[in-house]
A.B. asks: 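One structure follows; several queries about it will come next.
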Amino acid sequence: MLFLTLDVVGWSTYATTLAASTGARDDIDAVHLRYGGRGIKRLFSVPVPPGRGFLDSNVRRVILARWLIQRWLTGPLDLTRFDVVHATPQSYAIGFLEAARRTQTAVSTLIDATVRQEKGALGYSDFEVRRRWSPLIDIEQQVFAAADLVVATSRWAGDAARADFGVAEERLLVSPLRLPRSFAAGLPMADPVHRPARIVFVGLDWRRKGGHRLLQWHQAYWADQAELHLCTEAGPSRGARNVFHHGLVPHDELIHRLLPTMDLFVLPTNRDMTPWAVVEAAAVGLPVVSSSIGGIGEMVVDGVTGILVDPGDDRAYIEAIGRLLADPPLRQRMGAAARQHVDASSADTGHDHVLDRLVDLGRGAQGAERRL
């Protein structure tokens, strides 16, 4: 099997857990490649006004990736060595389609949202999404039509692949993000009853993830009764009370040292799909307060493992956070339920159900030939 994964935050975590999962199996010989955005790739992505169609930076980045992948396949990378190729996210599978047609290699991809879902969450109308990102939608259509398997990280994303692109049930697998069972079992368990209570925010994109809003709420309502710990590139304004800025914490340190010492994980994001940080906070036993958007509603059991809030409702967020800060036993119950929820959904190696389907694709013969 050949795995190509976009090497950015979120997808990088997926690539790491995927590599660990394939490494634990003796029925898979895996090669893992990560596609980054450095050098010429980053320069190629610089926005060009008005940024629509082929001038959009996302579109040009995918087109460049397609060209590079096709160059790899005519150079050092021989696709005939592989039974299956799994490309993440979906747009990057486009570079493999022509070679897969020739070699009859099965193609799989993973999605956390379609382009229309992702851009629509930013507030764009369907008309504007099509006007600005139609090349990406066309690429999605080609990939979904050719793929032998489309793996969706939520029912929300899977429903869009089915309804908008006609992906048949037998080619669709809904697979929520999971931690390897041995990995989850080795995580320290938080005891969310500290005084003062400790709120933690984890997010690279400070504004999109809502860090600036959380900071404002904390300073207005809880600065004297709770600590706010920020794991992000951005920093709080000078003079912020009871705020601790940790910067970008290495992943292993974050989940083994920092998160287990917290009391409450808050992610007031206004655009997200299925963030890994929510899974990892729950895995160490933290109650989660986050937005009821994307696939988050399938990751947090509202009222049981945390509280879900409309992303634009500041008052509801303030009430939810205030309720948990005032009730340590409730934090403990929700945190324990969150850990149990992760344990119940964890697979032996994290991705066994996906890998089992990919093994079946590799053994079954000409699926790629039928559609490509």
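The basis for the numbers below is simple: all heavy atoms, side chains too, and nothing from hydrogens, waters or symmetry mates. This is a predicted model, so every value here is computed, not measured.
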A.B. asks: Is there a donor-acceptor pair under 3.5 Å between the side chain of D302 and the backbone N or O of L308?
C.D. replies: yes
A.B. asks: Under the side-chain contact (heavy atoms from CB on, under 4.5 Å) rule, what do E140 and I111 come out as? Steps first, then yes or no, please.
C.D. replies: CA-CA 10 Å; E140 276 187 327; I111 66 169; 6.0 Å; no
A.B. asks: Just by distance, with hydrogens left out, do H32 and T5 show a side-chain donor and acceptor under 3.5 Å apart?
C.D. replies: no
A.B. asks: Measuring from atom CD of E98 to atom OG1 of T74, what distance do you get when rounded to the nearest 0.5 angstrom?
C.D. replies: 10.0 Å
A.B. asks: Starting at CG of L258, measure out to CZ of R198 and round the result to the nearest 0.5 Å.
C.D. replies: 9.5 Å
A.B. asks: Donor-acceptor pair, Q117 side chain versus T114 backbone, under 3.5 Å?
C.D. replies: yes
A.B. asks: For I255 and L187, which heavy atoms make the closest approach, and how far apart are they?
C.D. replies: O-CD2, 3.9 Å
A.B. asks: Would you call the rings of F201 and W206 parallel, tilted or perpendicular if under 30° counts as parallel and over 60° as perpendicular?
C.D. replies: perpendicular
A.B. asks: Please tell me if the side chains of L267 and V202 come closer than 4.5 Å, counting only heavy atoms from C-beta onward.
C.D. replies: no
A.B. asks: Looking at side-chain heavy atoms only, is the closest gap between M299 and V279 below 4.5 Å?
C.D. replies: yes
A.B. asks: Taking everything shown except D29 itself, do over 12 heavy atoms lie less than 6.0 Å from its CG?
C.D. replies: no
A.B. asks: Nearest 0.5 Å, what's the NE2-CE distance between H229 and M262?
C.D. replies: 4.0 Å
A.B. asks: With rounding to the nearest 0.5 angstrom, report the CG to OG1 distance, D83 to T103.
C.D. replies: 10.0 Å
A.B. asks: Taking only Lys NZ, Arg NE, NH1 and NH2, and the carboxylate oxygens of Asp or Glu, determine whether D352 and R25 approach each other closer than 4.0 Å.
C.D. replies: yes
A.B. asks: In the single-linkage hydrophobic clustering (I, L, V, M, F, W, Y; side-chain heavy atoms under 4.5 Å), do V62 and V8 co-cluster?
C.D. replies: yes
A.B. asks: Looking at R331 and L264, would you say the former's side chain and the latter's main chain have a donor-acceptor pair under 3.5 Å?
C.D. replies: no
A.B. asks: If you round to the nearest 0.5 Å, how far is CD1 of I139 from CZ of F144?
C.D. replies: 11.5 Å
A.B. asks: Would a distance-only check, ignoring hydrogens and angles, find a side-chain to backbone donor-acceptor pair under 3.5 Å from D263 to H194?
C.D. replies: yes
A.B. asks: Minimum heavy-atom separation for I307 to V300, with atom names?
C.D. replies: N-CG1, 4.3 Å
A.B. asks: Between D159 and R162, does any NZ, NE, NH1 or NH2 come within less than 4.0 Å of an OD or OE carboxylate oxygen?
C.D. replies: yes
A.B. asks: With a 4.5 Å cut-off on side-chain heavy atoms, are V151 and T109 touching?
C.D. replies: no
A.B. asks: Could you report the tightest heavy-atom contact between T232 and G203, atom names first, then the distance?
C.D. replies: OG1-O, 2.7 Å
A.B. asks: Kindly indicate, with the supporting measurements, whether the criterion ring pair (Phe, Tyr, Trp, His ring centres under 6.0 Å) is fulfilled by Y92 and W11.
C.D. replies: CA-CA 12 Å; Y92 293 86; W11 293 125; 9.3 Å; no
A.B. asks: Given 3.5 Å as the limit, does a donor-acceptor pair link the side chain of E298 with the main chain of W156, or not?
C.D. replies: yes
A.B. asks: Is it the case that one hydrophobic cluster holds both V31 and I69, taking links as side-chain heavy atoms less than 4.5 Å apart, direct or via other members?
C.D. replies: yes
A.B. asks: Examine the side chains of R130 and S125 and answer whether a donor and an acceptor come within less than 3.5 Å of each other.
C.D. replies: no
A.B. asks: Check whether the side chains of D112 and T153 place a donor and an acceptor atom closer than 3.5 Å, and report yes or no.
C.D. replies: no
A.B. asks: For D327 and R323, what are the C-alpha separation, side-chain angles and deciding distance, and is it a salt bridge (charged side-chain N to carboxylate O under 4.0 Å, His left out)?
C.D. replies: CA-CA 6 Å; D327 193 341; R323 176 188 171 197; over 6 Å; no
A.B. asks: For V115, which of D138, V59, L136 qualifies under side chain to side chain contact (heavy atoms under 4.5 Å, CB included)?
C.D. replies: L136
A.B. asks: Nearest 0.5 Å, please: how far is CG in L2 from OG1 in T105?
C.D. replies: 9.0 Å
A.B. asks: Just do the salt bridge (charged side-chain N to carboxylate O under 4.0 Å, His left out) check on R171 and D148 with the steps written out, would you?
C.D. replies: CA-CA 6 Å; R171 294 193 293 120; D148 293 88; over 6 Å; no
A.B. asks: Under the side-chain contact (heavy atoms from CB on, under 4.5 Å) criterion, do Y35 and L4 qualify, and how do the steps go?
C.D. replies: CA-CA 7 Å; Y35 178 86; L4 176 76; 4.0 Å; yes
A.B. asks: List the atom of N270, the atom of P311, and the distance in Å for their closest heavy-atom pair.
C.D. replies: CA-CB, 4.3 Å
A.B. asks: Do L18 and M1 land in one hydrophobic cluster if side-chain heavy atoms of ILVMFWY residues count as linked below 4.5 Å?
C.D. replies: yes
A.B. asks: Under 4.0 Å between a Lys/Arg side-chain N and an Asp/Glu carboxylate O for D313 and R315?
C.D. replies: no
A.B. asks: Less than 3.5 Å apart, any donor N or O on the side chain of H218 or E227 sitting next to an acceptor on the other?
C.D. replies: no
A.B. asks: Are S291 and Y317 close enough that a side-chain donor and a side-chain acceptor fall under 3.5 Å?
C.D. replies: yes
A.B. asks: Test side-chain contact (heavy atoms from CB on, under 4.5 Å) on V200 and L286; report intermediate values, then the result.
C.D. replies: CA-CA 10 Å; V200 63; L286 292 181; 4.2 Å; yes
A.B. asks: Any donor and acceptor pair, going by atom type alone, linking the side chain of R155 with main-chain N or O of V174 inside 3.5 Å?
C.D. replies: no
A.B. asks: Can you name the closest pair of heavy atoms from P89 and L6 and give their distance?
C.D. replies: CD-CB, 3.6 Å
A.B. asks: Counting distance only, does the side-chain N/O of Q219 pair as donor-acceptor with the main-chain N or O of R241 below 3.5 Å?
C.D. replies: yes
A.B. asks: Is there a salt bridge (charged side-chain N to carboxylate O under 4.0 Å, His left out) between E118 and R271? Walk through the geometry before answering.
C.D. replies: CA-CA 8 Å; E118 179 186 358; R271 180 172 70 89; 3.2 Å; yes
A.B. asks: Counting C-beta onward and ignoring hydrogens, is there a side-chain heavy-atom pair between T269 and S290 closer than 4.5 Å?
C.D. replies: yes
A.B. asks: Under 6.0 Å between ring centres: does that hold for F96 and W72?
C.D. replies: no
A.B. asks: Assess whether side-chain contact (heavy atoms from CB on, under 4.5 Å) is satisfied between T13 and E280, documenting all intermediate values.
C.D. replies: CA-CA 11 Å; T13 303; E280 291 163 348; 3.8 Å; yes
A.B. asks: Over 60° means perpendicular and under 30° means parallel, so classify the ring planes of H86 and F3, tilted if in between.
C.D. replies: perpendicular
A.B. asks: Minimum heavy-atom separation for V354 to S175, with atom names?
C.D. replies: CG2-OG, 3.4 Å
A.B. asks: Report yes if some heavy atom in the side chain of F82 is under 4.5 Å from a heavy atom in the side chain of L79; otherwise report no.
C.D. replies: yes
A.B. asks: Do the non-hydrogen side-chain atoms of D314 and W217 ever get within less than 4.5 Å of each other?
C.D. replies: yes
A.B. asks: Taking the side chain as every heavy atom from C-beta outward, state whether L177 and V278 have any atom pair closer than 4.5 Å.
C.D. replies: no
A.B. asks: Check the hydrophobic clustering (I, L, V, M, F, W, Y; side-chain heavy atoms under 4.5 Å; chains of links allowed) and say if I293 and V309 are grouped together.
C.D. replies: yes
A.B. asks: Are M189 and L254 connected in the hydrophobic side-chain network, where two residues link if heavy atoms are under 4.5 Å apart?
C.D. replies: no
A.B. asks: Are side-chain heavy atoms of H351 and Y14 found at a separation under 4.5 Å?
C.D. replies: yes
A.B. asks: Has R66 got a side-chain atom pairing as donor or acceptor with I94's backbone, closer than 3.5 angstrom?
C.D. replies: no
A.B. asks: When you measure from the side chain of H256 to the backbone of D252, do you find a donor-acceptor pair of N or O atoms at a distance under 3.5 Å?
C.D. replies: yes
